[in-house]
Amino acid sequence: MLEADPAPFSERAATILGISRSSKTAHQRLAHAESWLRFAVPAMLAAFLICLATVTALQLTGHREEVVGDARREIDLVARLLAGTLPTALARPAPMPGLAEAVTPAVLRERLVRLLPVGSLPPGRTVLLIGADDAILAAMPERPGLPRGFAELVGEVQVLGIMGERAGVLPVVLGNGERALATVRTVTGGSGVAQVAVVQTLDSVTAIWSTRARTAAVLVGAVALVVVCTGLAYALQADRARAVDRVCEQVRQRLDTALGRGRCGLWDWDIPRGRIYWSDSMYQLLGYVREQEFLSFGDVNALVHPDDTDLYGLARQLAARDTTVDHEFRIRAAGGDWVWLKARAEIVQDLEDNGRHLVGIVIDISEQRRLAESTATADMRLRDAVEAVSEAFVLWDAQNRLVLCNSKFRRLHALTADEAQPGRRYDAIMGRAALPTVRREIPAGEFPEAGARTFEAELADGRWLQISERRTKDGGYVSVGTDITALKRHQERLVESERQLIATIADLKRSRRTLEIQTQQLADLAERYLDQKAQAESANRSKSEFLANMSHELRTPLNAILGFAEVMEGEVFGALGSEKYREYCRDIRSSGHYLLSVIDDILDMSRIDARRVKLVKQPVAVGEALERALKLIAEPARAKGLTVSVEMSADTLVMADERALHQILVNLLQNAVKFTPEAGRVAVRTRRAIDAVHIFVEDSGIGIPKAALPKLGYPFEQVETNFARSYKGSGLGLAIARSLAELHGGGLRIRSEEGVGTIVLVRLPRPGLNEAAAAQDAAQEAADLEA
């Protein structure tokens, strides 16, 4: 049923997406001969035009030669007649016997007019009477501007002027540049006229020929225009036919490509004939190959899963009324497995046979089905991960509706599972909850985050919680409650110990008389103080270990959240359906990365406090470390339009751990870029001391108040200013940089002025540092910072 012919679709199919092509014999023959006719017809038309132009040119050339020859013979004949008749015509009896009449030009012209009346000469022809000295005695008709000599008229170098009547009729160029035919004949007799010349312009000779030539040119041009237009019309029509064929083929190929790429298939169900057309993408989607152009109704119905749809019932429904189809069903693929399809189609009326066609597409939704199942599984895993968190966790959306919470949150507020149902509003849930007593709100530090707060609450059973609330990108917020009962108890014991120590010291001052007893008591108190101090240090280490453990606990669910967000953002298992979902995924991922960076800072700080940082000191090139650090802040600096300048020596070395040095430089550069407004300046320079290297990071940012400088560089300390309220951060960057610098045997100093900028100096030892050099370097450091 579904075996394919290997020929391409354009050769093996008589349809284009189910629409039949013409199959007449004449049309097919014309299609085969079209490629030959496309070149033959223009060639024949061009040959016809060339032959027509050649014949017309030969005819016009022959006719012109004939006209010029007739004019030559006529001019020669007129000149001979005039030469023979002029002596008699010019002879005139004397007015008085014995007195001869003077022959003047006027007399000659008068006798010439009697011989040749006005109007007897054709246009352009002139008869000249020439004297013995080559002077023109008379001209008929009279021409203004006629030269005095015949040689001047026809040119002194002309053959006619040299040979005279032996030259016959020759073409000449007159003095005014006009071409003409001329001849000269000798006149015998005593009339005073030596020669008679006949001159006729060539334009007057060929005037009638020129008119006929223009007429012939117009006719040939009209014929050529008609032939060229006909050829162009044929070429345009042929190109249009080819373009239409190419467009049809491209439409079919692109439609098939788009359908195949989109895992879609085209259906055309001819309901009256009971046959169904499948596009190539449909065969590719199911893994079948085409055997024939159309499939029968029964063949397709046999592939459809019986539990999903019945094509017979659908056909009866479509026959009863015009309707559309939007249905999901399964169909058996070539491998035997079932593929989920979503069909969307509509009834179309065929204009040729007035038949009804159900035309539409089917979309492979198997991935969406599997994605829905995977999403449900991922949601369950996320809920399990949140449930496994040791702290109370709750997530609210932008409309203050519950999204997710764990059992610790329900136990904290004495809520049942029914009362804390996802989707219920905050007021409805917290109205029934047992709210803990808020004892103290923890300040947000130097750079408070908008919509974030942290506070301590005391429960009814005496336990203490530190509750942290943060806003999410979509307007909701997440709350995490951490049990800090042990930490609070340690703090209480420390306060009590301090109070007891103060009371003991006061007793000692009041009891100087009992010195021995006081000394013994002081020793006891000192011993107790050492014990309490050891307990306090143990508590501090416990706090650091707790923060480290908490960071690891948070990283595990965060990695899962980030992974699922990246999977959904990349649409690995199919389209999410709405652009908003991808935006939410990006927000979740960016918030997760930010939270993960905060956790990493806390973990680094806790490791430093717990003395678990092991440095591998070795000579490190400052230039290479600075180049790697600058690459990390290049993009945010470019986005803000900051100017970053570097001034250093390429061979500067420090004795440091390479990773720790990189972290110091990155933290300082990130702070400089973050607190520098747009179009600002960040500069990095190094100075060599005796046995140390001073690294300066300078910016033109918002600056730091002088009162806040002493507390900078310590964990979780931030400056609270009107300029810094829009910057978020944990406040651990400078603390980590200071701690790492001190672990190297160096230090970190800050100089700043509000509205002007900040300079941070990091001093790191060079290879071979000694104590004397260290003291001199400290003095040099103060001088450099002041400079």
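Source: prediction; values computed, not measured.
R179 is not listed as a side-chain neighbour of P171, based on a closest heavy-atom distance of 4.5 Å or more. E328 has its side chain within reach of I365: a pair of non-hydrogen atoms, C-beta onward, lies under 4.5 Å apart. Side-chain contact between F294 and I276 is absent, with no heavy-atom pair separated by less than 4.5 Å. In this structure, the side chains of L52 and V223 come closer than 4.5 Å at one or more pairs of heavy atoms.
Once rounded to the nearest 0.5 Å, the distance linking CG of D337 with CG of L286 reads 9.5 Å. Atom CG of L295 is separated from atom CZ of R275 by 11.5 Å, given to the nearest 0.5 angstrom. How far CD of E66 is from CH2 of W209: 13.0 Å, rounded to the nearest 0.5 Å. With rounding to the nearest 0.5 Å, the separation of OH in Y288 from OH in Y283 is 10.5 Å. For the atom pair CD1 of I363 and CH2 of W340, the computed distance is 15.0 Å after rounding to the nearest 0.5 Å. Between L642 atom CG and E678 atom CD the span is 8.0 Å, to the nearest 0.5 Å.
Using modelled atom types, no side-chain atom of T201 and backbone atom of A180 make a donor-acceptor pair closer than 3.5 Å. A donor-acceptor pair under 3.5 Å is formed between the side chain of T211 and the backbone N or O of A207.
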request  = Please lay out, stage by stage, how H63 and V67 fare under the test side chain to side chain contact (heavy atoms under 4.5 Å, CB included).
outcome  = CA-CA 6 Å; H63 182 250; V67 169; 3.7 Å; yes
inquiry  = Let's go through R185 and Q195 carefully: what are the C-alpha distance in whole Å and the side-chain angles of both, what is the deciding distance for side chain to side chain contact (heavy atoms under 4.5 Å, CB included) to 0.1 Å, and is it a yes or a no?
reply    = CA-CA 6 Å; R185 291 291 183 270; Q195 292 178 324; over 6 Å; no
inquiry  = Go through it in stages, so that I can follow the logic: the residues are V362 and W278, the test is side chain to side chain contact (heavy atoms under 4.5 Å, CB included), and I'd like the CA-CA distance, side-chain angles, deciding distance and then a yes or no.
reply    = CA-CA 10 Å; V362 292; W278 280 2; over 6 Å; no
query = Run the side chain to side chain contact (heavy atoms under 4.5 Å, CB included) check on L128 and V184 step by step: do they pass?
reply = CA-CA 9 Å; L128 302 173; V184 176; over 6 Å; no
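In this structure R638 satisfies the side-chain hydrogen bond (donor to acceptor under 3.5 Å, both in side chains) test together with E635, sequence neighbours excluded. Taking R681 as the reference, nothing meets the side-chain hydrogen bond (donor to acceptor under 3.5 Å, both in side chains) condition, with sequence neighbours excluded. V646 pairs by the side chain to side chain contact (heavy atoms under 4.5 Å, CB included) definition with L626, L630, M648, not counting sequence neighbours. Among residues two or more places apart in sequence or in another chain, the side chain to side chain contact (heavy atoms under 4.5 Å, CB included) test is passed with S645 by A683. Shown here are the side chain to side chain contact (heavy atoms under 4.5 Å, CB included) partners of T61, two or more places apart in sequence or in another chain: E65.
The only member of V169, V199, V172, V196 that meets side-chain contact (heavy atoms from CB on, under 4.5 Å) when paired with T183 is V169.
The neighbour count for E627 CD, taken as heavy atoms of other residues, nucleotides or ligands under 6.0 Å away, does not exceed 12. Counting heavy-atom neighbours within 6.0 Å of L81 CG, excluding the residue itself, gives a total above 12.
Of all the heavy atoms in G265 and S281, the pair that sits closest is CA-OG, 3.6 Å. Closest of all the heavy-atom pairs between V68 and L202 is CG2-CD1, 4.4 Å. Heavy-atom minimum distance, G287 versus A334: O-CB, 3.3 Å.
Ion pair R72/D76 not flagged as a salt bridge, since none of the NZ, NE, NH1 or NH2 atoms sits closer than 4.0 Å to an Asp/Glu carboxylate oxygen.
The stretch residues 121-130 participates, sequence neighbours left out, in these salt bridge (Lys or Arg N to Asp or Glu O under 4.0 Å) pairs: E74-R125.
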